[in-house]
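This report concerns only the one structure given below.
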Amino acid sequence: MLEIVLTREDANTEYALLAEWLVEDRSEVSAGQPVCVVETTKATVEVEAPGAGTIVQLYGEDVEVELGKTIAYVAENADELAAIDTEAAEKPAPKPAGDRKATRKAVELAELHGVDLEQIDKRGFITEKDVEQLIAARKASASPAAGSVLAGVSTDGVSLPATFGVDESDGALDRAFLESLDPEVFRQLAPGEKLTALREAGARIGEGVDLGEGSLIVAPRVVIEEGVKLGPRATVVAEEVVAIGALSQFGSDLELRCRRAFLGAGIWGGRSVRFGGGGHRDPWATLVVGDLAFVGDEVFVNVCRPVLVGREVFLTMRSLIVTHNIGHSILEGFENRFAPVVLEDRSQVGLGAVLYAGARVGAESIVASNSYVVGEIPAGSFAIGVPAKATGSSSHKLSEARQRDLARRFVDDLHELLALRGHVVSAVADDGFEVEGTRISFTPSYRGGTDGPAVVLALDVRGDVPGGVAVIDLLGRRVHGSGGVVLDSVREFCRKRGIKLEPGPWSYPGGLI
Amino acid sequence: MSSVSSGKRGVQVLNEALHGIFRERDDVVLFGEDVLDPYGGAFKVTAGLSDAYPDRVLTTPISEASLFGVAAGMALRGQRPILEIMFGDFVALGLDQIVNGISKFREMYDEQVTVPLVVRAPMGARRGYGPTHSQSLEKLLLGIPNIVVVAASECHDVGALLTAAVDDERPVFFVENKLLYGRTIRRPEDGHVGELAVRESDGPYPALTFSATDFTEGSATVVTYGGMLPIVLDAVTELVLEHEVFCEVVALSQLVPMELGAVLDSVARTGALVTAEEGTLTGGFGAEIAARVQEAAWSDLRAPVRRIAARDGIIPSARPLEDEMLPSVEDVVETVMSLEGSG
């Protein structure tokens, strides 16, 4: 690809007039052919094509162009022409210059108090005083209503779990019970005895809850939905409320200490996960973890300011979130920062990465392992480094043909896995095979008409699903119909490929894989 | 406050103003070196003018001393000459005509004649033009009685200033900073330029006063003109964003006769004054203002007046050396910060 650059003809001016194009945009030009007339301050000159190809003009006629700018490309073949078009389509709109109007002190104070600077409607600069006034106004009108527990942290891009909306009195424990509770004695009770005691004192605890040996839950309000499992030696202590959604589970040695904990449904947590640390009794110490989040082994989340973890977020093992630092005296100019941390929906944090106070990771972004995040990572980006910087996109768009190829391969992969597991499987034919009397198959577009028992993988589901048939809509991420152990196994296979299916929450009850 | 010129570059605004002046007045004549089309002057300010008015735009030999004499003669005979000096540095060649003729005739002949000429001169550095094409020599003119020195900035109505200069009965030196040509004019809109509130004084050559707090508080006033204004505004913005130090800025367009009403008003609010100019330090714009302000507003000042200017020396051609010589955003920030806590 060749470029036509407006060169400097004299020293006095920064601009030249692109007076006239002598050839049509996207016409064929030959080397040395005059393509446009440029009036510089010293002369009117004809600019020649540097080589043969298709010219792509970047400016119109009679416009002033800064010297040194490229005014046209000459594409030497079709690939180059396509590349020019792709680049033009992807180029982001230029950011307006000088859009910063809040002072450093104002930004720091706003972060400290979780104030959104957008709330300040003012001509001119936004100063520390403006933020102080807003904070004072907020305090004056403060009420303990739900929502204020987030201290003004924006929930944009974060799907709050249903447990976040638990009623003010829901699960409230008898005051006398709380006062008489000796944690050390309570810890020694058998798991079933603990649950019974909590239920009798007013906690709302669903069926199938499994509280590991030597575990402790202490909070004035306790709401635990069906099927929650906490491993041995869990410690859950909150000053105000603990709410955990259905089918969420943590491995051994969970430690959760904060003012308020709202955990969603279907969360999978590993061993030695720790929420809390210094400042966990602060009035702003609110923890929200969205539905279907993944919290790896030995993850540590310091909660003294709100920490919002969105739906389907991955916090990979040993990743670290801090909402404040400990330093020397702020009066001597050392940093002493307290700020919330937000992970928007479907974002992912790699092994050992650190999110520093004030970090916000945009929806579907990926933070690479061992990165250090300060400030904001835009949605949909891949960020890496210390400090982490967005270097590209977190995903790329697949063609329908590519999606079909990948999904069709699921059948072969699943077939191989089941065979290796020792199950009797039929040979693969017509994009499907049989196991345990159930046919597993792939079709790009499901239009009905399948006989059961069957599990059908599809990219698009329109037809009726008869009894004995389950259809998995891979792109819509939903299961239609019902099935037994084979469906559960296929569903687990999909989950391991990042495809989480509705209706949920769901946990693998065990099956063929 | 009009904003019709906002968004255009300085050279465009000046060029359009010249076309307007030629349309309105047929006694106006422009001459100078290489001003004819298609070249249109070294900085293109006169583009299209000789094509439109071939009899009233004259190109001249390189002989500035004689050009000043010719302009003086035309003005005495009732014409309105506009003399373009290709680089302001060459004004020095015409100083005898200016000092012993142009500035003196009106008073010397007891008001029987006037010398209504305009000398347009690009001044200023930051382009790597070297020692003799980069100077800001306004101070050579500041001490000459009975002339007017006008300097346009990118926040002024540049076209109106030039039109007023042509209409003026006095000899006017119209200083155009070279960077102004390429910069976008930013006229106040809604009483603001960016986040800064702006007030504009009356008269043909108004002063602009900028405030970071809508004139409610300020810890220093920075007075400047012309091509230093964008540098001072950048510094003032940095002072607000990084340090929450709020300044006022006064941008004069009339350098002499020196009228400091806007400066004194501002100093009464802020209690401290910094002067900023691109010319060399000694015997300059800042020195004259410092002397006048301490005399008129001693009780308002809580600290000595500080001056920011180019080092007393020549302007090197190499850009890094040139930058070192000239006043910068950091110089303004540091000087204002040094006033913090004083008094």
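Quick note on labels: first sequence line is chain A, next is B, and so on, each numbered from 1.
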Check your understanding: Tell me, side chain or backbone of A/E128 under 4.5 Å from chain B's heavy atoms, or both, or neither?
Key -> both

Check your understanding: Below 4.0 angstrom, N of the basic side chain to O of the carboxylate: do B/E176 and B/R120 qualify?
Key -> yes

Revision key, fill the gap. Scored by heavy-atom pairs under 4.5 Å with chain B, the best of A/K105, A/K129, A/R123 is A/R123

Point to revise | Passing candidate, side-chain contact (heavy atoms from CB on, under 4.5 Å) with B/M86, options B/D34, B/I62, B/V35 | key: B/D34

Exercise for review: Let me know which of B/E244, B/E242, B/E238 forms a salt bridge (Lys or Arg N to Asp or Glu O under 4.0 Å) with A/R104.
Suggested key: B/E242

Review point. Chain A: which of B/A47, B/A212, B/A197, B/G128 shares the most heavy-atom pairs with it under 4.5 Å?
Key: B/A212

**Study point:** Heavy-atom pair count under 4.5 Å with chain A, highest-scoring of B/D190, B/V240, B/V11, B/D214
**Key:** B/V240

Check your understanding: Is B/E16 salt-bridged to B/K8, cutoff N-O under 4.0 Å?
Key -> yes

